[in-house]
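Structure record follows, encoded as structure tokens.
Every chain is numbered from 1, with letters handed out A, B, ... down the list of sequences.
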Number of protein chains: 2
Amino acid sequence: MTTEETALSIGKVSALTGLTTHTLRFYEQEGLFAAPVRRNAAGRRVFTQEEVEWLRVCTKLRSSGMPLPEIRRYADLAREGPGNEAERFEILRRHEARVQQQVADLQEALGIIHTKVEIYAQHLTAGTADQLWRDGPECGPAADAG
Amino acid sequence: MTTEETALSIGKVSALTGLTTHTLRFYEQEGLFAAPVRRNAAGRRVFTQEEVEWLRVCTKLRSSGMPLPEIRRYADLAREGPGNEAERFEILRRHEARVQQQVADLQEALGIIHTKVEIYAQHLTAGTADQLWRDGPECGPAADAG
DNA sequence: GGTTGACTTCAAGTCGACTCGAACTCCTAG
DNA sequence: CTAGGAGTTCGAGTCGACTTGAAGTCAACC
């Protein structure tokens, strides 16, 4: 599968990536592509398979919370060509750390939520649910009562 | 530590929870408290330790992505008193599942990001970084090239 | 040859969760 | 008795990332 001469319309790319055509134009205008998007004789956008791959990566970066300006910066660096790999690396590394932090935060919240879920489950099966929220918000951070 | 008669001003609660006074008023107006917030003779809000505990839980629910309307629903149920514990349980369980999904999604993204980070690290130490972005967006989902 | 549907550009609207500002009241300290 | 600071209400503004709409072009099918 060479990525060389696959010419894709914006509609095809939309179908392949799940991004709307509107969003793809928006991304182009935001400078998220590493190379200027080419046009055909009629002035329409022509995408390559390579760009689709990049969009898939973009989607993951976005869904994990990387802001568009940072993705743009990364794309800018790639557009400039060799010589700035260290900065690209830094962007990725920083984002990696951020995502790890996000995961840790979510897992902490998950712990609290799960504790509450367990307490409800116990009281519901025991038929003592009416004791909930009697002496606190159904298990505060340090509370073991429910 | 009884939670009975601790009377806290909005400023104190702000300091204890990290939420601004603006946000606390906003939360009250959004119906996020299980009991109507009491006022003193001068019409000012008087919070209890119990409410601070609840706010801490709220903060975790929010930071893990539970929308305010859902938190309000939960608070409404608690306000109504015993008899609706099953629905409260459902809200918590549903959110727990959502957060688990979030964690899974983040970890998938993390995998991709980490792969790219590793590739950059290798090429940077090997001095071959200029080969990046030669035949693809530096490692697509299935690509092992970089 | 007319209509359909995909495409184009540009501008404005949406959404959630705050965040901020204005104008005012009230209690306390000096 | 006045200055300061914390409180009050109400309403408008912000932010990021789309999302939607209007108005028009272009190529192909019936």
Side-chain angles (χ1 to χ4, degrees), chain A residues 7-33 36-48 51 55-75 95 98-99 102 105-106 109, chain B residues 7-33 36-48 51-52 54-75 95 98-99 102 105-106 109:
Chain A
L8 298 162
S9 72
I10 196 170
K12 296 245 176 70
V13 174
S14 172
L16 285 168
T17 61
L19 298 164
T20 68
T21 58
H22 271 300
T23 300
L24 289 169
R25 288 184 207 109
F26 171 71
Y27 276 10
E28 181 194 11
Q29 161 181 327
E30 291 292 298
L32 261 54
F33 288 97
V37 176
R38 283 177 299 173
R39 310 295 166 115
N40 64 14
R44 294 185 181 185
R45 291 169 185 81
V46 177
F47 294 90
T48 65
E51 281 161 320
L55 283 168
R56 286 202 228 271
V57 174
C58 270
T59 299
K60 284 297 172 198
L61 294 177
R62 276 292 309 122
S63 74
S64 57
M66 185 183 281
L68 290 194
E70 206 157 324
I71 302 182
R72 168 166 47 225
R73 176 73 186 141
Y74 186 86
H95 184 58
R98 250 193 321 224
V99 178
Q102 278 186 72
D105 291 349
L106 281 182
Chain B
L8 298 162
S9 72
I10 196 170
K12 296 246 176 69
V13 174
S14 172
L16 285 168
T17 60
L19 297 165
T20 68
T21 57
H22 271 298
T23 301
L24 289 169
R25 289 187 204 105
F26 171 71
Y27 275 10
E28 180 194 13
Q29 160 180 326
E30 291 293 298
L32 261 53
F33 288 97
V37 176
R38 284 177 299 173
R39 309 295 167 116
N40 64 15
R44 294 184 182 188
R45 290 169 184 81
V46 177
F47 294 90
T48 66
E51 281 161 319
V52 172
W54 167 237
L55 283 168
R56 287 202 228 272
V57 174
C58 270
T59 298
K60 283 297 172 198
L61 294 176
R62 276 294 308 122
S63 73
S64 58
M66 185 184 280
L68 291 194
E70 206 157 323
I71 302 182
R72 166 166 48 226
R73 177 71 187 143
Y74 186 86
H95 184 59
R98 249 193 321 224
V99 179
Q102 277 186 72
D105 290 349
L106 282 182

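Between the CZ atom of A:F26 and the C1' atom of D:dT19 there is a distance of 10 Å, rounded to whole Å.
Legend: residues meeting salt bridge (charged side-chain N to carboxylate O under 4.0 Å, His left out) with B:R72, ordered by chain and number and at least two apart, are B:E30. Listed by chain and number, the residues in a side chain to side chain contact (heavy atoms under 4.5 Å, CB included) with B:S9 are B:K12 (sequence neighbours excluded). For A:T17, the side-chain hydrogen bond (donor to acceptor under 3.5 Å, both in side chains) criterion is met by no residue, not counting sequence neighbours. Residues that satisfy the side chain to side chain contact (heavy atoms under 4.5 Å, CB included) test with A:T21, not counting sequence neighbours, are A:I10, A:S14, A:R25. The side chain to side chain contact (heavy atoms under 4.5 Å, CB included) search around B:S63 returns B:K60, not counting sequence neighbours. Take A:V37 and apply the side chain to side chain contact (heavy atoms under 4.5 Å, CB included) test, not counting sequence neighbours, and it matches A:E28, A:F33, A:R45, A:F47, A:E51. Residues passing the side-chain hydrogen bond (donor to acceptor under 3.5 Å, both in side chains) test with B:T59, sequence neighbours excluded: none. A:R98 is linked by a side-chain hydrogen bond (donor to acceptor under 3.5 Å, both in side chains) to A:E70, A:H95, counting only residues two or more places apart in sequence or in another chain.
Here the shortest heavy-atom pairing between A:I71 and A:M66 reads CG1-SD, 3.4 Å.
Mapping A:L19 and A:A41 onto DNA chain D via the closest heavy atom, the residue that lands nearer the 5' end is A:L19.
Contact footprint of chain B on DNA chain C: nucleotides with an atom under 4.0 Å from a non-hydrogen protein atom, first to last in 5' to 3' order, C:dA17 to C:dC27.
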Task: Heavy-atom protein contacts under 4.0 Å, nucleotides 4-11 of chain D, coded B base, S sugar-phosphate only, - none - done: --BSBB--
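Looking at residues 65-73 of chain B, you'll see that no heavy atom sits under 4.0 Å from any atom of DNA chain D.
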Task: CA sep, side-chain torsions, deciding dist, call: B:L68, B:Y27, side-chain contact (heavy atoms from CB on, under 4.5 Å) - done: CA-CA 9 Å; B:L68 291 194; B:Y27 275 10; 4.3 Å; yes
